[in-house]
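Okay, so here's the structure we're looking at.
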Amino acid sequence: MGHRGRDTGLPEEEKVTMDAAGQESFREFVAGRSSALLKTAVLLSGGDRHAAEDLLQNALIKAAGRWQRIDEPEAYVRQILYRQQVSRWRLKWRRRELTVAEPPESAGAADGVAGVELRLVMRGALARLTARQRTVLVLRYFEDLPEAEVARILGCSVGTVRSTTHRSLARLRALAPELGALGPAAVEQKPSADFSPVEVRP
Amino acid sequence: MNVDELVRDALREQADEQSPLASGFADRVLAVRRRRRNRTIAGAAAATAAVVAVAVGVPALSGGGEDVRPASEMNKSDIIAHPDQSPPKNMIAAGDTALAAFFVYDLVKQSNGDNIRTRTYGLLDQKTGKYRKVKWAFLDVAPGMRTAAVLEGELPAKRIGLLDMITGKVDRWIPVDHGVAFVEFSPDGQKLLATTYSKNPDRNFADHPQSVNGKEEPGPVASRTGFSVVDVDTGEEKWHKAPQWKDEWGFFYNSREDFQWSHDGETVWSDTGEEPFKEFYDLNGDKTGIPDSEKYVSYAKAGLSPNGKLIGGEFAGRGEEISSEIVDARTGERVTTVPGQQLLAWADDERVIAWGCDPKRCGGKGEFRNQLILLTIGSDKVVQLSDFRKASADYPGRWEPVFAERWS
C-alpha cells in the first residue's frame, strides 16, 4: 500500500522545475487556449461549470509539471482532460460527474418539441451518462475525431469505442423517451461487435 | 434528424454558451500546484483533512445503472472486523486502512519441467463489499480503493490494466515497453512503480537446476532489468536500468527483487545482499543514499507510520512472549512493544495491523496459526480483525494480505 508523504526538508524552490520563461509561456498558453479547453471540460463534466474548472485546473497542473518538455501542449492537456475524466480511480471526479439534480423533464412528443427544447432534453440526458460514455460522445461528436483516434487517446480498442458509442446513444434514448422519434445514428444501424476490455469473471 | 446529429448540436450549443475563464487562471493553477506540492511532502495531517472535507459533501449517486456507491463508502465504521472469516469474505478495515485484497500462492508444475509460483487473488468488489476471486497474475490497489492496477497472463506483462473496482472491468490498458512483474501505486496514487524483468521472476527453470535437500529441482534465474515510473493519467512510462544485486560470483538471493516506493514517494528502493542491504534510486534513475527518514526502517512490512514518526519494527518477543517493537524513526530507538507477531500496516498514527497467534497456542507450530489483529500503541488492547489463517477449498493455501488506504 502507499504511505503518506512527509517533509523532506528541501526548500520548495528546488522542487519547482518551471523557470520564469516557462511560467511566462504557460501563462500565454492558458490565456490563449483556456476558453477552448474549458468548453471541452464543461461538456466532459456534463455541464457542471465548477467541476469543469477543477478538471481543467488539474490537467493544467499536470502539464505545468513538465511544461518545458512538452512539444504540443494543447494535445497533451486535452489527453489528460479526457483520461482524467474517464479514470474512475480518483474519488472526486467520479462523484462530481453524478451530481445531477433532476432527471431531464419530459417535454412531450418529439413532433411537438421545438429544436431548442430537444437540445435541452439531450443536454440533461448527456449529464446523466457515465463519464466514460459522455467522454466518448464528446470525442466523437464534438471533437469530430475518428474512432481510431478516440481509441488512441483513451487507451482502449476501436471496438470498445464503437460499443461504448452504441451503448451511450441507446442510453440517451432510454433516459429521454422524447428522443425516440429521432432517426437512428449510423453507429446504431449495424450490429456492433463488443471488444470490451478483459472482464474479471472467475 | 438523427440522434447523433442532435448530440452534436446539443454539445456545440452548450460549449458556445460558456463565458470565458476569469483572468489570472494560469496564476491560480500555478498557485494550487505549489500548494499541492507542499501538501504532498508535508505530513499527513493536511492531506487527511482535505480528504475528509471532500468526503463530507458527497451527494447520493444517481443516474446510470453502472453507478453504485462503493462499499467502502457505505460502511465507514472505524473498525470493520470479521473474526469468523478466514480467508476473509467481507471487507475488513481499521482506521484509514483496509484489506483491499489477499492472495494465496500455488506452485504450478509445467510440462517442460519448470514450475511457476502463481498467485490467486481475492479482490474487494466495491459493488458488494465482498472479496471476489480474480484471475490476475499480480495486482495492487490505489489509495481510495476505486482502482486496482492489474497484470495478466504469464509475467512479465506487456501492459498494465487499470481496473474499476466497482465494475470489475479494466477501464484502460497502459502499454509498457519493458515487461512488468510488479506494480505499486505511489503514495498519492498518481504514479505506478513497475519492476521490470526479462523473464518471469516467479518461474523456476528446469535448465537452471538448484539443489534442494540434495535433490535437483528447477531453479531461479535473475532477470530484473530495472524499474519504470508510469504516470497514471497520461500513461507515460520512464524506464531506468537497474539489474538486481549479485555478488562477485554471480550469486543472487531471489529471482524476484521488486522495487517499492519510499514513504514520501520521492525515491524507490529494493533489497540487496550487502550493507546497507537496501538500494535507493530517485525517480530519474540515479542512485541515492538511504533517506534519513528511512534509515531505521526494518524488514517488517508496516514501515513508517503515516506521520513518519514511528516505525513498525521486528519481532521482539523473548521466551514465550509474542511482541514486536515500535521504533522512533528519528533515533532508531525502541519506543515500546506491541503484542503482535508481524507488523503489517499502520491503521493510523497510533494503531497498527499485525498477524497475531492465539496466545494460548502460540508455541511451536501454533505460531503459524495466526489472524489479523489491530494493536494500539501504549495499550494491551487487541482487536481481532479476521479468523485464524487456514487453507480453504476456494483458496487452497495460506492467504497473504494486500492493504490499501481507505480514503483517497
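Residue numbers start from 1 in every chain, and the chains themselves are labelled A, B, ... in the order their sequence lines are given, proteins ahead of strands. This structure is a prediction, so every number in the text was calculated from the model and none was measured. Heavy atoms only: backbone and side chains are in, while hydrogens, waters and symmetry mates are out.
- In this structure, the side chains of Asp9(B) and Leu118(A) stay at 4.5 Å or more apart for every pair of heavy atoms.
- Closest heavy-atom contact between Leu126(A) and Val7(B): CD2-CG1, 4.5 Å.
- Heavy-atom neighbours of Arg330(B) CZ from other residues, nucleotides or ligands within 6.0 Å: at or below the threshold of 12.
- A donor-acceptor distance shorter than 3.5 angstrom exists from the side chain of Arg132(A) to the backbone of Asp171(B), with no hydrogens or angles considered.
- Here the shortest heavy-atom pairing between Leu30(B) and Ala64(A) reads CD2-CB, 4.4 Å.
- The residue from Gln14(B), Glu13(B), Arg12(B) that alone fulfils the side-chain contact (heavy atoms from CB on, under 4.5 Å) condition with Arg119(A) is Glu13(B).
- When heavy atoms are compared at a cutoff of 4.5 Å, Arg140(A) approaches chain B solely by way of its backbone atoms N, CA, C and O.
- Glu236(B) and Tyr76(A) make their closest contact through OE1-OH, 3.1 Å (heavy atoms, listed as atom of the first residue, atom of the second, distance).
- Taking every heavy atom of both residues into account, Thr234(B) and Arg83(A) meet most closely at O-NH1, 2.9 Å.
- Only the side chain of Glu17(B) comes within less than 4.5 Å of a heavy atom in chain A; its backbone stays farther off.
- Shortest non-hydrogen contact noted between Leu38(A) and Ser19(B) is CD2-O, 3.8 Å.
- Between atom CG of residue Leu60(A) and atom CZ of residue Phe25(B) there is a gap of 6.0 Å, rounded to the nearest 0.5 Å.
- Between Leu11(B) and Val138(A) there is a side-chain heavy-atom pair separated by less than 4.5 Å.
- With rounding to the nearest 0.5 Å, the separation of CG in Asp27(B) from CZ in Phe26(A) is 9.0 Å.
- Atom CD of Glu53(A) and atom CD of Gln18(B) lie 9.0 Å apart (nearest 0.5 Å).
- Between Asp144(A) and Arg8(B), some side-chain heavy-atom pair lies under the 4.5 Å cut-off.
- Taking all atoms of both residues into account, the shortest heavy-atom contact from Leu154(A) to Arg172(B) is O-CG, 3.1 Å.
- Between chain B and the residues Val42(A), Leu43(A), Thr40(A), the most heavy-atom pairs under 4.5 angstrom are made by Leu43(A).
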Quiz item: Which is it for Met122(A) and Val3(B) under the side-chain contact (heavy atoms from CB on, under 4.5 Å) test, yes or no, and what are the steps along the way?
Solution: CA-CA 9 Å; Met122(A) 175 59 86; Val3(B) 67; 3.9 Å; yes
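- Atom CD1 of Ile80(A) is separated from atom CG of Asp231(B) by 7.0 Å, given to the nearest 0.5 angstrom.
- If you take CG on Leu6(B) and CG on Leu172(A), they are separated by 9.0 Å, rounding to the nearest 0.5 Å.
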